[in-house]
Amino acid sequence: MSVLKLKNTYSKRLEVFQPLDPHGQRVTMYTCGPTVYNYVHIGNFRSFLFADILRRTLERNGYEVRQVMNITDVGHMTEDHLADAGGEDKLAVAARKLGSDPFKVALHFEQAFAQDARALRLKVYQGGEAGDPALHPRATRHIPEMLHAIQKLLEQGFAYVVDSGEVYFEVGKFPEYGRLSGKVIDELEAGARVGVRDEKRDPRDFALWKVDAKHLMQWDPHSEKGWDPQDWKRYRELLPEGADKRIRAGFPGWHIECSAMSRAHLGHTIDIHTGGEDNIFPHHECEIAQSYGAYRTCVHGPHGAPDEGSQRKTFARYWVHGRFLLVNNRKMSKRDGTFFTVKDLLDPRREGRAELAAELEKLGFAGGRVPASVLRFALIANQYTQPMNFSLESLAAARAGVERIQTRYDRLREAVGDSADTSGVASDRVLELVNRAETEFDDALNDNLNTPNALAAVFKAVGELNSMELGPAEAREALRLMEAFDEVLDVLDRTERSGVVTREQAQAWLDPQTLRAKADLLKHWAEAPDREALWERIEAGQLPAFEELAPVESLDAAMIELFVAIRQNARKARDFKLADAVRDDLKRRGVNLEDTPQGFRWVRA
RNA sequence: GGUGGCGUAGCCAAGUGGUUAGGCAACGGUUUGCAAAACCGUCAUACGCGGGUUCGAAUCCCGCCGCCACCUCCA
């Protein structure tokens, strides 16, 4: 198997990934998460999804990954936001609904985000472990850690307090500032841009602690008032003397949260730090500077020089950044109607975007809704190092792709059947195909997460399997391959969503005796309005008429089989109008029916 | 102005010196009562433009053109 290579923003080179863990087993990963003062959009999710693909690729490589994705809930909500409730701004609307408690507003959007994250199958939000709050740390619950870091920075001479009670990081004290982004900020030019009454010593200096009375979230480092009791207790433990007396009540600067939280939950050194390309500067540049100043982490990683030998350890060893998503080759814009939240696409009508729903319907999306798996596929279908040009048409292509894979998966499941019989041997032809396809898939992902090539391997395998007749043992191997693909892609519906009805099974319903025996299977009889009459008919060995069953809404496998039998009966009588009506009716209830040489196949949409 | 990046067939998107990437769409065929799915075929001797290096260039070099993002809180 190939080795994983990643483009490290720090070195600007493709590097072989090697975890810090001496046993080469555990990997720590920090993903810059969402700011929860609005609903997250698909551009945000492109970034989170590439991190998810990275995490799953690491797992395919046998690593045990601990991925932390923070929640930035120290927002920019001020009194102005609450006062101005007339606009379209969702923050204002939410604030009005939820009252003036900024924590409630943040929680509202955080929960909305978690919902989207689960829908789009971010692994950090799935499974039992996902309930661990340490995996999704909130900035507002790490004020003690941040003040601790700020105090360290002051003590070690990397920061200064100004008259207003704010704290700034002094960039001049850190010569490596700018190395990640490659930005050399010309002091003269920067100086020209600086505000008149700025208290900063150097225009490049950035805020660690801010003071602004208009902000709703406030913490006073010198008084318990307004603090979460647990946080206050932890703060007193971390800083028994309290923070510098000159620091006034306020709130943390943007960058310090990630330095503090990654250290709190992943330790001194993290293997991988991910984010969007806009994070490179200034956010990550500042994190490096702060972590160096506060925790004595060094700047560059082990690439060439092992961390173990160094007294000062690296803050983050691999910096991996995703490019922006564009819509119609521009940055998303509300004005141009090219701004999409995840919720907008999953259910446009619910979000009040009827026009969008209509457009999606035109592209063949039932109800104008985009299935989450399709959105996920669309957002991972090109390599994270390339800008993604998103369009509604790309969603239609994604849907076709997902359906192609899903159809193959469903049929393999049918071919395997439910027999626990694991005897039988797959032919070399199939074994070779499976091994080769899996290698190609992993090789592509290991090559800096080249998802287009990984998908090419998937589609190649699907195409080859489509043109083969597979025995149960072979289908089992092929199914395992599809499941291996899906460990990373995670776009398949793994529920029992399809079934086959043979001609013989359909025929059996026409036999009076069998019909009576099958009556018990029809659990949903109760839904039929005239069930007594129906029952009598069955007892008499007569197949019910299609019209009688039309009101039955929820279908199980037995009910579907009955519909198939009714349709087949009509087909035999060459009553194609009725036959098509039955098929259309099943479709209306979300069941697609297909004819096959052996009989019939049904698939839940 | 500074920095980084992109331009590959109708659309999306790999490939970065030498044998078909792949997907989607469209069209034709096989199959079907009609569909669906699947298969086969076509669109496809594609690589922004102009030079150069080379036996050979989408790939390397030079020069243009067009587009995009970032440059203090937007993933």
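Chain A is the first sequence line, chain B the second, and so forth, proteins listed ahead of strands; every chain is numbered from 1. In what follows, every heavy atom counts, from backbone to side chain, and hydrogens, waters and symmetry copies are set aside. Worth saying up front: this structure is predicted, and the values here are computed from it rather than measured.
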Over 12 foreign heavy atoms within 6.0 Å of CZ, A:Arg503: yes
Neighbour count >12 (heavy atoms, 6.0 Å) for atom NZ, A:Lys577: no
N or O in side chain of A:Arg601 less than 4.0 angstrom from B:A35 OP1/OP2: no
A:Arg399 to A:Phe365 six-membered ring, cation-pi geometry met (6.0 Å, 45°): yes
Over-ring placement of A:Arg201 relative to A:Tyr160, 6.0 Å and 45° cut-offs: yes
Residues A:Asp490, A:Arg376: salt bridge by 4.0 Å N-O rule: no
Do the side chain of [X] and the base of [N] come within less than 3.5 angstrom through a donor-acceptor pair of N or O atoms?
{"X": "A:Arg571", "N": "B:G33", "answer": "yes"}
{"X": "A:Asn453", "N": "B:G22", "answer": "no"}
{"X": "A:Arg583", "N": "B:A35", "answer": "yes"}
{"X": "A:Arg399", "N": "B:G23", "answer": "no"}
{"X": "A:Asn279", "N": "B:C70", "answer": "no"}

Any residue meeting side chain to side chain contact (heavy atoms under 4.5 Å, CB included) with A:Lys460, in chain and number order, not counting sequence neighbours: A:Arg436, A:Glu440, A:Glu464
Could you tell me whether [X] contacts a base, only the sugar-phosphate backbone, or nothing, with contacts defined as non-hydrogen atoms closer than 4.0 Å?
{"X": "A:Asp595", "result": "base"}
{"X": "A:His283", "result": "nothing"}
{"X": "A:Phe576", "result": "base"}
{"X": "A:Ala456", "result": "base"}
{"X": "A:Leu326", "result": "sugar-phosphate"}
{"X": "A:Gly43", "result": "base"}
{"X": "A:Gly463", "result": "sugar-phosphate"}

In whole Å, what is the span from the [atom1] atom of [X] to the [atom2] atom of [N]?
{"X": "A:Leu449", "N": "B:A14", "atom1": "CG", "atom2": "C1'", "result": "15 Å"}
{"X": "A:Gln386", "N": "B:C67", "atom1": "CD", "atom2": "C1'", "result": "14 Å"}
{"X": "A:Leu180", "N": "B:C70", "atom1": "CG", "atom2": "P", "result": "17 Å"}
{"X": "A:Asp580", "N": "B:U32", "atom1": "CG", "atom2": "P", "result": "17 Å"}
{"X": "A:Asn466", "N": "B:A36", "atom1": "CG", "atom2": "C1'", "result": "14 Å"}
{"X": "A:Lys460", "N": "B:A14", "atom1": "NZ", "atom2": "P", "result": "18 Å"}
{"X": "A:Gln383", "N": "B:G23", "atom1": "CD", "atom2": "C1'", "result": "16 Å"}
{"X": "A:Tyr384", "N": "B:A13", "atom1": "OH", "atom2": "P", "result": "17 Å"}

Test side chain to side chain donor-acceptor pair (under 3.5 Å) applied to A:Gln115 - qualifying residues, sequence neighbours left out: A:Lys343
Secondary-structure notation, RNA chain B, from Watson-Crick and G-U pairs under 3.5 angstrom (| other strand): (((((((..(((.....[...))).(((((.......))))).....(((((..]....))))))))))))....
Minimum-distance nucleotide to A:Pro452 side chain [options: B:G23, B:A69, B:A21]: B:A21
Shortest side-chain distance from A:Thr35, nucleotide among B:A37, B:A75, B:G15: B:A75
RNA chain B: 5'-proximal contact among A:Thr407 and A:Asn382 (nearest heavy atom): A:Asn382
A:Ser498 and its side-chain hydrogen bond (donor to acceptor under 3.5 Å, both in side chains) partner, picked from A:Gln406, A:Arg604, A:Glu414, A:Arg601: A:Glu414
